[in-house]
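Basis for what follows: all heavy atoms, side chains included, without hydrogens, waters or symmetry-related copies. Since we're looking at a predicted model, the values are computed, not measured.
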Amino acid sequence: MAKKRKMQLRCRDMEWWMRRRQLPSQLRQRVRHFEHQRWAMMGGEDEMELVKDLPEGLRRDIKRFLCLDLIKKVPLFQSLDDLILDNICDRVKPLVFSKDEKIIREGDPVHRVVFIVRGRVKSSQNLSKGVIATSILEPGGFFGDELLSWCLRRPFIDRLPASSATFTCIESTEAFGLDANHLRFITDHFRYKFANERLKRTARYYSSNWRTWAAVNIQLAWRRYMMRTSRPTIHVIENGDNDQRLRKYAAMFLSIRPHDHLE
């Protein structure tokens, strides 16, 4: 009852604030939906706030119990040993996103790596000439992998990397995030493990940026092959269509290769 009353008071204060600031009805509805979703997920409590003042060993064991199974579902972390997983568990925090919410926009600084637990997220990346590459991230996927290259780059640059795509929730999404400063600490302290060749291949394989880049280049190679093997008369008859194809090829050829400092 106390938690329910707390939720009611929070909703009342939020409604009063939104009226005072004259927020449009669409934004008000999004705020209400997010508050209800967070309540349904967390039961009115922030688990990380509850355990943050506990002794370090007890807090680590509790967060390991809460987060370890979820972290092990992420292919990037399946090959890591228990010591590294304990440090990751101690630093991740739960995240909730509403449907149609833009988690991060292309060009924004990347502040955390986000690992999807439930829900689906759409990635949209501008290539060139108005061509947009899209892909869908399912549970177990992640984005913000630019931070991994940023942490392992030498010499190190303090400026956070920019997101190479826009990520939008297709449905209500639950995830957990690892902030940039925490990821940097883990990669510095356990650098011997993150230099592992198997881990580098896994990071590239599950990275939405690398998948988009690979798909664009495969499509370009296939279309160039089809043009070479097609009949010569097609180029004369379908001149307008051919120009459109060439523009698409140019856009694909100019797609940016993901930054990679894992070598």
**Study point:** Residue Arg21 excluded, over 12 heavy atoms near CZ under 6.0 Å
**Key:** no
Study note, to complete from the structure: Rounded to the nearest 0.5 angstrom, the NE2-CG distance for His182 and Asn87 is 11.0 Å
Exercise for review: Is it possible for you to say whether Leu83 and Ile186 belong to one hydrophobic cluster, with membership spreading through side-chain heavy-atom contacts below 4.5 Å?
Suggested key: yes
**Study point:** Salt bridge flag under 4.0 Å for residues Asp86 and Arg64
**Key:** yes
Exercise for review: Could you tell me how the ring of Phe167 sits relative to the ring of Phe143: parallel (under 30°), tilted (30 to 60°) or perpendicular (over 60°)?
Suggested key: parallel
Check your understanding: Under a 4.5 Å cut-off applied to non-hydrogen side-chain atoms, are Ser164 and Glu146 in contact?
Key -> yes
Exercise for review: Indicate yes or no: at least one non-hydrogen side-chain atom of Arg19 is less than 4.5 angstrom from one of Trp16.
Suggested key: yes
Review point. Does the distance from a Lys or Arg side-chain N to an Asp or Glu carboxylate O, for Glu15 and Arg28, drop under 4.0 Å?
Key: no
Practice item. Starting at CE of Met18, measure out to OG of Ser25 and round the result to the nearest 0.5 Å. Key: 11.0 Å
Point to revise | Results of ring-ring contact (aromatic ring centres under 6.0 Å, His included) for Phe190 - residues two or more places apart only | key: none
Revision key, fill the gap. Value for CD1 (Ile136) from CD1 (Ile170), rounded to nearest 0.5 Å, stands at 3.5 Å
Donor-acceptor pairs under 3.5 Å, side chain of residues 103-113 to any protein atom, not counting sequence neighbours: which ones?
unit_1: Arg105; atom_1: NE; unit_2: Asp108; atom_2: OD2; d: 3.0
unit_1: Glu106; atom_1: OE1; unit_2: Asn126; atom_2: N; d: 3.2
unit_1: Glu106; atom_1: OE1; unit_2: Asn126; atom_2: ND2; d: 3.3
unit_1: Asp108; atom_1: OD2; unit_2: Arg105; atom_2: N; d: 3.4
unit_1: Arg112; atom_1: NE; unit_2: Asp179; atom_2: OD1; d: 3.2

Exercise for review: Examine Leu85 and Leu183 and state if one hydrophobic cluster contains both, with Ile, Leu, Val, Met, Phe, Trp and Tyr joined whenever side-chain heavy atoms are less than 4.5 Å apart.
Suggested key: yes
Exercise for review: Determine the minimum heavy-atom distance between Arg30 and Ser98, stating which atoms define it.
Suggested key: O-OG, 4.5 Å
Review point. Does the pair Ile88 and Leu80 meet the rule for a side chain to side chain contact (heavy atoms under 4.5 Å, CB included), with working shown?
Key: CA-CA 10 Å; Ile88 294 175; Leu80 300 180; 3.9 Å; yes
Exercise for review: Evaluate the side chain to side chain contact (heavy atoms under 4.5 Å, CB included) criterion for residues Gln26 and Gln29: first the C-alpha distance (whole Å), next the side-chain angles of each, then the deciding distance (0.1 Å), finally the verdict.
Suggested key: CA-CA 5 Å; Gln26 184 179 6; Gln29 188 61 33; 5.9 Å; no
Check your understanding: Of the non-hydrogen atoms in Trp150 and Arg159, which two are nearest, and what is the gap between them?
Key -> NE1-O, 3.0 Å
Exercise for review: Could you check if a side-chain atom of Asp81 sits within less than 4.5 angstrom of a side-chain atom of Ile84, using non-hydrogen atoms only?
Suggested key: yes
Point to revise | Taking every non-hydrogen atom, the tightest pair across Ala175 and Phe115 | key: CB-O, 3.0 Å
**Study point:** Qualifying salt bridge (charged side-chain N to carboxylate O under 4.0 Å, His left out) pairs, either residue in residues 164-173, two or more places apart
**Key:** Arg120-Glu171
**Study point:** Value rounded to 0.5 Å, distance of NZ in Lys99 from SG in Cys169
**Key:** 11.0 Å
Check your understanding: Any idea which heavy atoms bring Ala165 and Ser123 closest together, and the distance?
Key -> CB-OG, 3.6 Å
**Study point:** Heavy-atom closest contact (Ala180 atom, Cys151 atom, distance)
**Key:** O-SG, 4.4 Å
Exercise for review: Is it possible for you to say whether Leu9 and Met14 belong to one hydrophobic cluster, with membership spreading through side-chain heavy-atom contacts below 4.5 Å?
Suggested key: no
**Study point:** Non-hydrogen atoms of Asp90 and Arg59 that approach each other most closely
**Key:** OD1-NE, 3.0 Å
**Study point:** Side-chain heavy-atom pair Thr173, Leu95 within 4.5 angstrom cut-off
**Key:** no
Check your understanding: Hey, what do you get for CD1 (Ile218) to CZ (Arg223), rounding to the nearest 0.5 Å?
Key -> 13.5 Å
Practice item. Would you indicate whether Glu138, at its atom CD, is surrounded by more than 12 heavy atoms from other residues, nucleotides or ligands within a distance under 6.0 Å? Key: yes
Exercise for review: Determine, using the 4.5 Å side-chain heavy-atom cutoff (strictly less than), whether Leu68 and Val117 are members of one ILVMFWY cluster.
Suggested key: yes
**Study point:** Inter-residue atom distance Leu137.CG - Ile116.CD1, 0.5 Å rounding
**Key:** 4.5 Å
